[in-house]
Undergrad: 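Following this message is one structure expressed as structure tokens.
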Amino acid sequence: MATRYDAKTAEPKWQRAWEEAGVFRAVEDRARPKFYALEMFPYPSGRIHMGHVRNYTMGDVVARYKRARGFNVLHPMGWDAFGLPAENAARERGVHPADWTYRNIETMREQLKSMGLSIDWSREIATCDPSYYRHQQALFLDMVAAGLVDRRESTVNWDPVDQTVLANEQVIEGRGWRSGALVEKRKLAQWVFRITDKVESLLGALDGLDRWPDKVRLMQENWIGRSFGLRMTFDMVTDAGAPAEGLEVYTTRPDTLYGMSFCAVSPEHPLALAHAERDPGLKEFLAECNRLGTSEEALEKAEKRGWKLPLQAKHPFIEGRTVPVYVANFILMDYGTGAIFGCPGHDQRDFDFARKYGLDIIPVVAPTEALDGDLGGYVREYGQRREVFTGPGRMINSGPFDGMTVEEAKEAAMSRVEEMGRGARTTNYRLRDWGVSRQRYWGCPIPVIHCDACGIVPVPRDQLPVELPRDVAFDVTGNPLDHHPTWKHVDCPSCGKPARRETDTFDTFVDSSWYFARFCAPQAATPTEREAVDYWLPVDQYIGGIEHAVLHLLYSRFFTRAMRDTGHVDLDEPFAGLFTQGMVCHETYRAADGGWLEPGEVEIRDGQAVAKATGAPVETGPAIKMSKSKRNTVDPEAIIAAYGADTARWFMLSDTPPERDIEWTTAGVEGAWRFTQRIWRTLDEARDTLPPAGTGVPADLPAEAVDLRRAAHKAIVAVTEDIEAFRFNRAVARIYELTNTLSAFRSDKAGSGAAVREACEILIRLMAPMMPHLAEEAWHSIGHDTLVACMPWPVADAELTRDDSVVIAIQVNGKRRGEVSVPKDADRETVEGAARRIDAVSKVLEQGEIRKVVLVPNRILNFVVAA
RNA sequence: GCCCCAGUGGCGGAAUGGUAGACGCGACAGACUCAAAAUCUGUUGUCCGCAAGGGCGUGCUGGUUCGAGUCCGGCCUGGGGCACCA
């Protein structure tokens with residue numbers, strides 16, 4: 001009889017058994033309810049990391065659990081395989097991006113398989129494979145035909161290190177999200193997806209995503225940034241009094257029009273550019289603004305600067321009133337019209353600007369306190385304040401609007417401007433169209449041809465895929481495709497004359513915006529197979545990191561809509577359920593010289609962390625996200641080799657709620673490993689007393705055995721609820737409880753063998769989604785020749801999960817004074833009588849008069865006593 | 001600056017407005033052992049007490065309630081998101 005569970009031999013054995021039985025192969029079956037479980041697919045960077053282990057463990061628990069619940073489960077895996085690191089590897093190590101990528105995929109596939117995931121590997125896809133990206137090219141052509149794509153000359157964020165365009169979403173604090181380089185602005189023709197065409201749908205449908213975290217929905221809402229306001233045009237005159245072209249502004253505070261004391265335009269505004277032609281000082285000012293760009297906003301946070309134009313804007317409501325017009329560094333060209341009117345009374349930036357340039361500060365909204373008090377004094381002192389009033393109140397200094405609320409005044413002002421024919425109510429969005437052109441080699445080629453005679457010509461369908469050439473040079477900056485001697489030279493499909501291929505490739509977010517649909521029929525000759533996607537989509541449970549809360553998830557939602565428009569799917573929302581898991585963290589270790597040490601290089605001697613090699617003391621830092629730069633990573637492969645996959649999986653699920661960050665600790669892993677052994681030992685010890693597999697539970701059991709059954713059946717209810725609610729840490733605690741109960745039970749108790757067998761089998765099946773290999777080994781060891789992976793989820797017997805008696809807490813004035821055990825649903829008299837027999841209770845009751853007795857059935861009894 | 005979220009033992013964390021601290025880690029004590037490891041048993045919020053028992057305890061502070069970790073107001077701290085967004 002084995003006394004130790006040997007993961008090293010058991011895990012590969014059961015992985016082979018699952019594979020040979022084809023347990024996880026998904027086949028459409030309309031007779032059964034489907035469940036599509038998906039984790040965000042990995043970028044093949046080289047090796048899996050602990051974040052992957054956590055992500056895929058959670059997904060695997062869900063997939064295995066749903067399978068046991070009778071669902072036809074699709075649980076695929078693929079590779080987000082295009083991207084910059086492959087090209088960097090080519091530059092740095094001379095290895096071809098394709099070779100580097102496919103080699104990494106090989107390695108990582110084996111690593112993932114060693115985790116024992118219930119993946120249907122027959123559906124594996126890699127986005128860098130022509131068999132995938134040819135369909136992406138076809139989708140693009142369909143989207144062009146459907147009017148969802150534009151080619152636009154636009155100002156783009158240019159990453160000078162990566163030599164590529166970045167989406168606004170990819171610019172973080174003014175720096176490229178991958179390179180970290182300061183981003184510059186450039187004009188470039190590029191392809192854009194018209195995501196703003198779908199903005200109302202993308203925003204409105206968020207409400208229906210009730211199985212998404214509120215946080216993610218809120219982040220998407222903020223990203224889309226809808227606001228309601230007014231576009232209006234001011235008449236303009238030159239300082240000399242000559243008429244000039246009108247200025248269109250956007251405002252969300254038309255109620256404050258009477259407080260207007262200046263207008264301002266963005267440094268990129270045509271008006272600013274036009275005046276700069278004649279004004280060298282302005283030109284220099286614009287250059288300075290441009291240098292600041294979108295970056296370092298913190299540096300210049302307080303510094304609001306303007307340049308006065310020789311123009312005046314006429315107030316639309318006040319005859320004869322004009323205000324100066326500035327170019328100001330805080331106006332964004334991309335938002336609204338790139339021009340504003342300033343009301344320093346009720347906007348902090350306008351206020352700061354007005355103070356700096358000595359402009360009028362006119363309060364036009366007053367809070368109730370001011371209205372009730374000395375309003376004149378309030379107005380006189382307003383300009384001396386440091387902060388403006390932006391709250392609700394009533395209008396002052398505003399002619400016909402005086403006395404209105406802010407909301408009423410907004411309506412009134414907008415109506416009046418509209419009646420005057422000077423403007424219209426509009427809805428404005430922060431969201432901008434999605435530029436997808438990248439000057440990269442290792443991406444999906446954009447399937448168009450530029451012809452001098454015909455313009456832009458789509459590549460004919462029968463010529464897809466446009467394949468990447470293999471022979472490219474990486475020792476040049478910019479796009480290697482552009483430098484290829486022959487690839488871009490083709491004949492125009494339309495007129496036959498020499499023409500040029502588009503050498504830009506797609507943003508890799510395009511690749512990941514539809515892969516979930518491709519998994520439904522990965523071999524299909526068309527991008528999707530309608531039968532398959534209609535059956536499998538939407539993804540029922542999607543799991544990934546919060547870092548994709550905006551970009552990937554918003555793009556995928558857009559793409560699904562675009563695929564519906566082009567007939568490839570018949571739904572709007574790709575992910576019915578979303579879960580965002582926390583990061584995996586670890587302590588950091590720093591040597592005296594400032595260098596970081598890996599966890600494996602550090603040990604504790606006499607309570608002090610020291611470097612193993614030198615014995616020198618090491619400074620221990622707080623647990624932060626595992627990263628190569630801080631060297632606080634732990635290699636999953638080493639952990640799996642040392643402890644087994646089940647231990648790693650169990651650790652990932654224990655203790656910490658899945659949405660929070662988890663700290664990886666050696667003690668924790670060892671604890672998880674000890675538990676696998678403990679389960680094995682417990683089952684091992686019970687085994688000899690068990691009746692044969694398949695033996696039913698007799699009706700006449702000893703009382704202790706009935707208690708054991710109760711514990712087991714209650715565990716079914718609890719674990720089921722916890723898995724359904726993504727509370728894996730609690731499910732784990734329930735399994736500990738059941739194990740404790742089982743190991744404390746004297747299994748030789750006459751006549752209770754069947755109950756012990758039942759409890760063992762329940763324990764094995766409840767832990768199977770989390771520790772699948774151990775479960776199979778244990779299942780086999782107690783006499784089964786089936787696979788747990790194919791067993792249905794245990795069903796709790798309601799008779800056994802119901803309690804006949806309950807313990808009720810007795811309180812006096814809300815303070816706990818004792819407890820009584822009474823039959824379930826006992827009436828007030830019974831409970832109160834039992835409570836009065838408790839000394840501690842009766843003693844206190846004697847000291848005062850009972851005013852009230854509150855009974856919460858089966859929970860609590862509270863005497864309210866007056867002293 | 002604005003918008004979210006979170007503050008509970010030594011630690012990770014439990015707790016439909018109803019017995020705060022489940023479960024795990026760590027620690028301590030004991031058993032087994034020549035010894036250690038492993039394993040098993042017990043204790044483990046804090047203070048007073050030999051004990052029985054009692055006082056105090058969920059960041060701070062008010063409130064609602066018979067009853068608040070949970071709900072409401074104000075504050076403090078930490079984390080995340082957005083940001084010259086008109």
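Proteins come first, then strands; the chains are lettered A, B, ... in the order of their sequence lines, and each starts at number 1.
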Undergrad: Using atom P in both nucleotides, what's the gap between B:G79 and B:G10 to the nearest angstrom?
TA: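 Their P atoms lie roughly 22 Å apart.
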Undergrad: Which value, in whole Å, describes the distance between the P atoms of nucleotides B:G7 and B:U16?
TA: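 After rounding to an integer number of Å, I get 13 Å for this pair.
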Undergrad: Could you state the atom-to-atom distance from CZ of A:Arg727 to C1' of B:A14 in whole Å?
TA: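 Between C1' of B:A14 and CZ of A:Arg727: 11 Å.
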Undergrad: Taking C-beta and beyond as the side chain, do A:Trp673 and A:Trp650 meet within less than 4.5 Å on heavy atoms?
TA: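 Contact flag for A:Trp673/A:Trp650 side chains = no.
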Undergrad: Quantified in whole Å, what is the C1' atom distance between nucleotide B:G9 and nucleotide B:G26?
TA: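 Each nucleotide's C1' atom is 12 Å from the other's.
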Undergrad: To the nearest Å, give me how far apart CZ (A:Arg253) and C1' (B:A86) are.
TA: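 These atoms are roughly 11 Å apart.
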Undergrad: Determine the interplanar angle of the A:His552 and A:His548 rings, folded into 0 to 90°, and report it as parallel if under 30°, tilted if 30 to 60°, perpendicular if over 60°.
TA: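 Rings of A:His552 and A:His548: perpendicular, as their planes differ by over 60°.
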Undergrad: Find out whether A:Met767 and A:Leu774 are in side-chain contact, i.e. whether some heavy atom of one side chain is under 4.5 Å from a heavy atom of the other.
TA: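 With C-beta onward as the side chain, the pair touches.
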Undergrad: Whole-Å distance between B:G80 P and A:Met219 CE?
TA: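 Rounded to whole Å, this separation is 12 Å.
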Undergrad: Between atom CZ in A:Arg217 and atom C1' in B:C3, what is the gap in whole Å?
TA: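 Atom CZ in A:Arg217 sits about 16 Å away from atom C1' in B:C3.
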Undergrad: Please list, chain by chain and in numerical order, all residues satisfying side-chain hydrogen bond (donor to acceptor under 3.5 Å, both in side chains) with A:Asp214, sequence neighbours excluded.
TA: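 Testing A:Asp214 for side-chain hydrogen bond (donor to acceptor under 3.5 Å, both in side chains), a comparison that skips the adjacent residues, returns A:Arg217.
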Undergrad: Any idea how A:Phe726 and A:Phe579 line up, ring-wise: parallel (<30°), tilted (30 to 60°), or perpendicular (>60°)?
TA: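 Judged by the thresholds at 30° and 60°, the geometry between A:Phe726 and A:Phe579 is parallel.
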Undergrad: If the P atom of B:A14 is compared with that of B:A27, how far apart are they to the nearest Å?
TA: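 Rounded to whole Å, the distance is 23 Å.
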Undergrad: Between C1' on B:U39 and CZ on A:Phe675, what's the gap in Å once rounded to a whole number?
TA: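 After rounding, the gap between these two atoms is 15 Å.
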Undergrad: Mapping A:Arg349 and A:Arg817 to their closest nucleotides on RNA chain B, which lands nearer the 5' end?
TA: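 Between the two, 5'-proximity favours A:Arg817.
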Undergrad: Between B:C84 and B:G62, how many Å separate the two P atoms, rounded to a whole number?
TA: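 Straight-line distance between the two P atoms is 41 Å.
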Undergrad: For B:G57, is chi within 90° of 0 (syn) or not (anti)?
TA: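 For B:G57, whose glycosidic angle is more than 90° from 0, the conformation is anti.
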Undergrad: Give the B/S/- string for nucleotides 16-25 of chain B, one per nucleotide from 5' to 3', where a protein heavy atom under 4.0 Å of the base yields B, of only the sugar-phosphate yields S, and otherwise -.
TA: B-BB--BSS-
Undergrad: Suppose we call two aromatic rings close when their centres sit under 6.0 Å apart. Are A:Tyr643 and A:Phe651 close by that rule?
TA: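 Judged by ring-centre distance (under 6.0 Å), A:Tyr643 and A:Phe651 do not meet the cut-off.
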Undergrad: Consider the side chain of A:Phe330, meaning its heavy atoms from C-beta on, and name the nucleotide among B:C84, B:A86, B:C66 that approaches it most closely.
TA: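 It is B:C84.
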Undergrad: Which part of the nucleic acid, if any, lies within contact of A:Arg231, taking any heavy atom under 4.0 Å across all strands shown: a base, the sugar-phosphate backbone alone, or nothing?
TA: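 No contact.
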Undergrad: Under 4.0 angstrom, heavy atoms only, what part of the nucleic acid is A:Ile546 near: base, sugar-phosphate, or nothing?
TA: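 A:Ile546: no heavy atom of the nucleic acid under 4.0 Å.
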Undergrad: Give every residue pair that meets the salt bridge (charged side-chain N to carboxylate O under 4.0 Å, His left out) criterion with at least one member in residues 653-666 of chain A, sequence neighbours excluded.
TA: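 Sorted result for residues 653-666 of chain A: empty, none.
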Undergrad: Taking the side chain of A:Trp223 as its heavy atoms from C-beta onward, which of B:A86, B:C82, B:U39 lies nearest to it?
TA: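 Looking only at side-chain atoms, A:Trp223 lies closest to B:C82.
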Undergrad: Looking only at atom P, what distance separates B:G53 and B:U44, rounded to whole Å?
TA: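 The same atom, P, in both gives a distance of 14 Å.
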Undergrad: Does some side-chain heavy atom of A:Asn729 sit less than 4.5 Å from a side-chain heavy atom of A:Leu653?
TA: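 They are not in contact (no side-chain heavy atoms under 4.5 Å apart), so the answer is no.
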Undergrad: Nearest whole Å is fine: how far is B:G54 C1' from A:Lys815 NZ?
TA: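 Going from NZ in A:Lys815 over to C1' in B:G54 covers 11 Å.
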Undergrad: Tell me, what's RNA chain B's dot-bracket, Watson-Crick or G-U with both distances under 3.5 Å, | for other-strand, [ ] crossing?
TA: (((((((..(((.....[....)))((((((.......))))))((((....))))..(((((..]....))))))))))))....
Undergrad: May I have the distance from A:Glu221 (atom CD) to B:C85 (atom P), rounded to whole angstrom?
TA: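 From A:Glu221 CD to B:C85 P: 18 Å.
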Undergrad: Is there a side-chain polar atom (N or O) of A:Lys852 under 4.0 Å from OP1 or OP2 of B:C66?
TA: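 Yes, such a contact exists.
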Undergrad: Pairs of donor and acceptor atoms involving the side chains of residues 810-824 of chain A, under 3.5 Å and at least two apart or interchain, shall be tabulated with distances.
TA:
{"from": "A:Asn813", "atom 1": "OD1", "to": "A:Val865", "atom 2": "N", "distance (Å)": "2.8"}
{"from": "A:Asn813", "atom 1": "ND2", "to": "A:Val865", "atom 2": "O", "distance (Å)": "3.1"}
{"from": "A:Arg816", "atom 1": "NH2", "to": "A:Glu819", "atom 2": "OE1", "distance (Å)": "2.8"}

Undergrad: With rounding to the closest Å, how many angstrom separate the C1' atoms on B:G59 and B:G78?
TA: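 That atom pair is separated by 11 Å.
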Undergrad: Provide the distance between the two C1' atoms, one in B:U64 and one in B:C72, to the nearest whole Å.
TA: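 To the nearest whole Å, 7 Å.
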Undergrad: Salt bridge (Lys or Arg N to Asp or Glu O under 4.0 Å) with A:Glu721: which residues, sequence neighbours excluded?
TA: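 Partners of A:Glu721 by the salt bridge (Lys or Arg N to Asp or Glu O under 4.0 Å) criterion come out as none, since no residue qualifies.
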Undergrad: Expressed in angstrom and rounded to an integer, what is the separation of A:Met652 atom CE from B:G12 atom P?
TA: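 Result: 18 Å.
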Undergrad: Taking the side chain of A:Leu332 as heavy atoms from C-beta outward, which of B:G12, B:A86, B:U39 is closest to it?
TA: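 The closest nucleotide is B:A86.
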Undergrad: Evaluate the ring planes of A:Tyr250 and A:Tyr335, with Trp represented by its six-membered ring, and classify them as parallel (under 30°), tilted (30 to 60°) or perpendicular (over 60°).
TA: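 Rings of A:Tyr250 and A:Tyr335: perpendicular, over 60°.
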